[in-house]
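Working notes for the structure below.
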Amino acid sequence: VSEFVAREADLDQLQQWQQESDCRAIVLWGLAGVGKTTLAAKLLASQDLASVPTGYLSLAAGTTDEYFLAAVAAWLRTLNPAAHLPDGDLLGWIMQQFGQHRYFLLVDQLEVLFQPGQPTGTYRPGTGRIQQFFRQVAEQLHQSLVVWVSREKPLAMSQLRGGQVR
């Protein structure tokens with residue numbers, strides 16, 4: 001990441017959070033073009049996370065639960081080819097992998113999961129398993145860090161704030 005101006009304090013704060021043992025999810029939200037993804041990429045390139053296996057998932061309009069979970073599972077499978085994918089509960093398997101290993105996952109464009117015409121940050125129908133993933137990442141003990149980047153603040157985030165979500 002070459003262009004990075006006047007965001008050092010933000011990066012320092014993110015680095016401090018990711019070093020805390022109870023921080024498992026960070027949500028960066030703000031206007032388009034302010035550098036949220038660049039900031040997350042700088043965090044990823046930092047000394048503390050340079051050796052941590054990293055994934056990037058950019059959500060597209062119409063992203064489904066099935067697509068999202070399959071994409072995360074496929075990425076984890078490339079990192080651990082011996083791991084057996086279950087026939088059913090991908091979410092449980094993903095969380096098991098997050099508990100056994102340290103990973104960094106950057107999920108970009110969270111706002112595509114929100115329902116237009118509803119209060120800001122309200123999820124659209126058909127994203128229940130992604131919401132469940134978001135909650136489990138925030139609430140369950142595991143070794144990994146998921147950074148969500150969005151133009152809108154997820155409505156449910158206020159229920160999860162505290163040590164788990166920054």
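Rounding to the nearest 0.5 angstrom, the gap separating the CZ atom in F98 from the CG atom in L145 is 9.5 Å. Rounding to the nearest 0.5 angstrom, the gap separating the CG atom in L76 from the CD1 atom in I94 is 6.0 Å. Expressed to the nearest 0.5 Å, how far CD1 of I130 lies from CD of E66 amounts to 8.5 Å. Between atom CZ of residue R102 and atom CD of residue Q97 there is a gap of 15.5 Å, rounded to the nearest 0.5 Å. For the atom pair CD (Q143) and CZ (F104), the distance works out to 15.5 Å, reported to the nearest 0.5 Å.
The minimum heavy-atom distance linking V112 with R124 is given by the pair O-NE, 3.2 Å. Between V137 and R24 the shortest heavy-atom distance is O-CB, 3.3 Å. Of all the heavy atoms in D65 and G128, the pair that sits closest is OD2-N, 3.3 Å. The minimum heavy-atom distance linking T63 with T127 is given by the pair O-CG2, 4.4 Å.
Residues F68 and L113 fail the side-chain proximity criterion, which asks for heavy atoms closer than 4.5 Å. Residues L90 and L85 have side chains in contact (heavy-atom distance under 4.5 Å, counting atoms from C-beta outward).
Tested against V149, the residues D108, L59, V107 include a single side chain to side chain contact (heavy atoms under 4.5 Å, CB included) partner, D108.
A donor-acceptor contact shorter than 3.5 Å is absent between the side chain of S58 and the backbone of Y56. In this structure a side-chain-to-backbone donor-acceptor pair under 3.5 Å is present from S144 to H101. Panel note: side chain W93, backbone G88; no donor-acceptor pair is recorded below 3.5 Å. A donor-acceptor contact shorter than 3.5 Å is absent between the side chain of Q115 and the backbone of Y123.
For T64, the side-chain hydrogen bond (donor to acceptor under 3.5 Å, both in side chains) criterion is met by no residue, not counting sequence neighbours. Not counting sequence neighbours, the partners of R129 by the side-chain hydrogen bond (donor to acceptor under 3.5 Å, both in side chains) test are D89, Q132.
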